[in-house]
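Report on one structure; see the data block that follows.
Fair warning: this is a prediction, and the values are worked out from it, not measured in the lab.
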Protein chains: 2
Amino acid sequence: MNLKQLSRHLGLSQTTVSRALNGYPEVSEQTRLRVQQAAEALNYQPNTRAKSLATGRAQAIGHVLPISSSHEMVNPVFGDFIAGAGSTYSDAGYEIVISLVKDRAEERAYRELHRRGSVDGIIVHGPRMKDPRIPLLRDLGLPFVVHGRASDETGPYSWLDINNQRAFERATEFLLDLGHRRIALINGLEFMDFAYRRRAGFEKALRNRDLAPDPALMRSEEMTEIYGFRAAREMLALENRPTAFLVSSMITAIGVRRAIHEAGLELGRGASVITHDDDLGYLRNGHSVPIFTATRSSVRLAGERAAAMLLDCIRDPGCEPKTQLLEAELIIGASTGPAPQG
Amino acid sequence: MNLKQLSRHLGLSQTTVSRALNGYPEVSEQTRLRVQQAAEALNYQPNTRAKSLATGRAQAIGHVLPISSSHEMVNPVFGDFIAGAGSTYSDAGYEIVISLVKDRAEERAYRELHRRGSVDGIIVHGPRMKDPRIPLLRDLGLPFVVHGRASDETGPYSWLDINNQRAFERATEFLLDLGHRRIALINGLEFMDFAYRRRAGFEKALRNRDLAPDPALMRSEEMTEIYGFRAAREMLALENRPTAFLVSSMITAIGVRRAIHEAGLELGRGASVITHDDDLGYLRNGHSVPIFTATRSSVRLAGERAAAMLLDCIRDPGCEPKTQLLEAELIIGASTGPAPQG
DNA sequence: TTGACTATCCAAAGCGCTTTGACTGACATG
DNA sequence: CATGTCAGTCAAAGCGCTTTGGATAGTCAA
């Protein structure tokens, strides 16, 4: 069933039927009702491709996901992010197009999505400090919102980020207040903007108390469980071992916890852990009592907000770039305690 | 830059340029070369929408993801599945369209994807034992491949599954051989086909040794960490507590491990654990020595295979449904040991 | 020289929709 | 009565591509 058939069936022109269904005012209420009922009854749905060809709007949002070549994985927070963004999109009649890209070939992917007319806007995931995608998208004139920020980018652009620096600064202060002096940072890849900022927060808090960050206690890698385990195990084997760990993701923190147990220590006693917590659906940080003391910020919420921002940008192309900075909450769980007396 | 402009630039007709680029034989090699070079130089990419309108092929594959209403989450294995499928799709020039759907509204989503002409084929995720989507898609005539199976479905359809029953049967036998008699099953939702089959395998192994499954030691829920923790904690508080746990996912097994530690037991000593392991990128089950004894099957590989099957079905619409059953590997890790002497 | 091919190219129709510009009555206005 | 206004409708063009059905020129055997 297409427009032509429907309009013939109704004895109306395609124009009128199209207008009736799309809410244009030049059609009588009576006709509109008749058309809507017939469309419903005959199960008519406009062909997306034809519609977008005619309007020039793709009615789709692009998400380009880099696949890490070392672990061939998609960032595990993506599922929750898209779960948040999804309903916003579909309420507005947008589809989601995802494009998987090996590492740095992303630029090409963006170019193609744009030139092929596949999408009306893009969410940029995993920005690095200096990220060529931002000027590129600006050049292309394709609306976009960055999930995160790019520290080295000077021009204006829309972004939604959490206050990573402040979150890790507070977490570090919390540990310092508990008496910890040897604090390890198990960070994400530090060319990623979020990880860079977290490190900055960590170092700032230390310096504020006249402590120097110890390179032996700082790691930066892709945030897998095994990475957390190995990093913590190695550090716990040091002569002058850390009494606390500040970790960039729950998954990695689980690895750290495993190493702590293996070393015969108890979480929150022999070794404290604070992690960042994206509040993932399948990996909730406890219920009444949090498992880990954590800096928490829901990535699902970020998805909702970012999607709304992007749709705004698409609706009003001339608008100023919007920004949104969310604060992470510091929640106190059972994984932290006073520094052991040494 | 569109076809019209490109062909004018070359002094050729649109027909010839289109044919040259799409590899039709009715164009001289010399002309083809000239066209290809110009297309490259001028950065020409055909508009996907126009192309698919003209050809009737959408050049896109649909993935409908149910969002669990209780946890508002997307199944965490999806990222890896799509990472596997992605390159197969993009090599063949297909885009990925994903559609998020709250729980059971899926049927409508499939119908719409089809009627709107958004996709040429669909991967069905998370089949239940009796799944209305299968007859629906058959009716619609839309090519599809099911990731998993639907036990109650009698008609033919294409699927790719792992041998869930055999995997859990073997795992149970392994525990029985170690002397365990009270074995708990921490399963996924049992209206899901995979969970149903796993339970069947578990019960079969018990019955083969004349043991009756104990309902107090069997749970079925969405596979989150917290679920594993709670279920295991409650069971460990029983008078006649289990000595081993058979768990349906790594994430849940991590919760089980947490409960075991909390109870003051040691993994592989006081309590053994076997889990199913999807071999997720961010959650590898150890490196040389596996953390958990596990039934392992890579979901990324399943994604690759399923995508290839689907593309085959699309290319050859009249073909017989294909099926593929992958065996899970039983890998022995440090989480299992002989049953404690009671 | 002719007819049959072959190789190479093109004009135009068509995919299913939106949108422009024009038309038709009905009604009010002067 | 002529004119203007307005609500409601439609025919047709156009979005960027593919594909059908020629057209043209060159080749070659009869």
Side-chain angles (χ1 to χ4, degrees), chain A residues 1-36 38-39 42-60 93-95 112-120 314-315, chain B residues 1-36 38-39 42-60 93-95 112-120:
Chain A
M1 171 64 55
N2 60 23
L3 226 211
K4 197 170 179 177
Q5 295 168 336
L6 178 61
S7 58
R8 198 169 319 170
H9 174 91
L10 283 161
L12 289 169
S13 72
Q14 295 191 36
T15 311
T16 304
V17 177
S18 170
R19 301 209 133 136
L21 293 173
N22 291 316
Y24 283 75
E26 305 94 327
V27 61
S28 72
E29 271 317 305
Q30 186 188 339
T31 310
R32 186 191 308 281
L33 214 66
R34 200 161 67 89
V35 171
Q36 282 170 341
L42 297 170
N43 225 345
Y44 168 75
Q45 293 277 127
N47 179 301
T48 323
R49 309 276 150 168
K51 188 166 185 162
S52 77
L53 183 58
T55 57
R57 281 171 268 120
Q59 291 292 88
Y94 282 82
E95 291 182 339
E112 289 196 354
L113 278 177
H114 178 244
R115 271 201 318 256
R116 310 185 98 114
S118 306
V119 301
D120 296 325
I314 291 171
R315 281 190 207 102
Chain B
M1 171 65 54
N2 59 24
L3 226 212
K4 197 173 183 176
Q5 296 167 335
L6 178 61
S7 58
R8 197 169 319 169
H9 174 91
L10 283 161
L12 290 168
S13 74
Q14 295 191 37
T15 310
T16 304
V17 176
S18 170
R19 301 210 134 136
L21 293 174
N22 291 317
Y24 283 76
E26 305 94 329
V27 62
S28 71
E29 272 317 305
Q30 187 187 341
T31 310
R32 187 191 307 281
L33 214 68
R34 200 161 67 90
V35 171
Q36 281 170 342
L42 296 170
N43 225 345
Y44 167 76
Q45 294 277 127
N47 180 301
T48 323
R49 309 276 151 168
K51 188 165 186 162
S52 77
L53 182 57
T55 57
R57 281 170 268 122
Q59 291 292 90
Y94 281 82
E95 291 183 340
E112 289 197 354
L113 278 177
H114 177 244
R115 271 202 317 258
R116 309 185 99 113
S118 305
V119 301
D120 296 325

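If you measure from atom CD of Glu29(B) to atom P of dC9(C), you get 11 Å, rounded to the nearest angstrom. Whole-Å rounding puts the Lys51(A) NZ to dG16(D) P distance at 18 Å. Atoms CG (Leu3(B)) and P (dG14(C)) sit 19 Å apart, rounded to a whole Å. The distance between atom CZ of Arg115(B) and atom P of dG16(C), rounded to the nearest whole Å, is 15 Å. What separates CD of Glu26(B) from P of dA7(C) is a distance of 11 Å, to the nearest Å. When rounded to the nearest whole Å, the span between CZ of Arg49(B) and C1' of dG14(C) equals 20 Å. Protein atom CG of Asn22(A) is 17 Å distant from nucleotide atom P of dG16(C), rounded to whole Å. Rounding to whole angstrom units, CD of residue Gln30(B) and P of dT8(C) are separated by 9 Å.
The side chain of Leu53(A) has dG16(C) as its nearest neighbour among dC17(D), dT18(C), dG16(C).
Of the residues near DNA chain D, Ser13(A) and Tyr44(B), the one whose nearest nucleotide (by heavy atom distance) lies more toward the 5' end is Ser13(A). With the nearest nucleotide of DNA chain C identified for both Pro25(B) and Gln45(A), Pro25(B) has the one nearer the 5' end.
Taking side-chain N and O atoms only, Lys4(A) has no distance below 4.0 Å to OP1 or OP2 of dC17(C). In this model, the phosphate group of dC15(D) is not approached by any side-chain N or O of Asn2(B) to a distance below 4.0 Å at OP1 or OP2. Here Thr31(A) does not reach the OP1 or OP2 of dG8(D): none of its side-chain N or O atoms lies under 4.0 Å away. An OP1 or OP2 oxygen of dC15(C) is reached within less than 4.0 angstrom by no side-chain nitrogen or oxygen of Asn47(A).
When all heavy atoms of Ser52(B) and Arg49(A) are compared, the pair lying nearest together is OG-CD, 2.8 Å. When every heavy atom of Gly23(B) is checked against every heavy atom of Arg32(B), the shortest pair comes out as CA-NH1, 3.3 Å.
Put simply, the side chain of Glu95(A) reaches to within 4.5 Å of the side chain of Leu113(B), judged on heavy atoms. Residues Leu10(B) and Arg34(B) meet the side-chain proximity criterion, which asks for heavy atoms closer than 4.5 Å. Counting only heavy atoms from C-beta outward, the side chains of Asn2(A) and Gln5(A) approach each other to under 4.5 Å.
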Using atom names, set out every protein N or O paired with an N or O of nucleotides 19-23 of chain C below 3.5 Å, distance rounded to 0.1 Å.
from	atom 1	to	atom 2	distance (Å)
dT19(C)	OP2	Tyr24(A)	OH	2.6
dT19(C)	O4	Thr15(A)	OG1	3.1

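No more than 12 heavy atoms of other residues, nucleotides or ligands lie within 6.0 Å of CZ in Arg57(A), so this atom counts as exposed by the packing criterion.
Gln14(A) pairs in a side-chain contact (heavy atoms from CB on, under 4.5 Å) with only one of the listed residues (Arg19(A), Lys4(A), Arg8(A)), which is Lys4(A).
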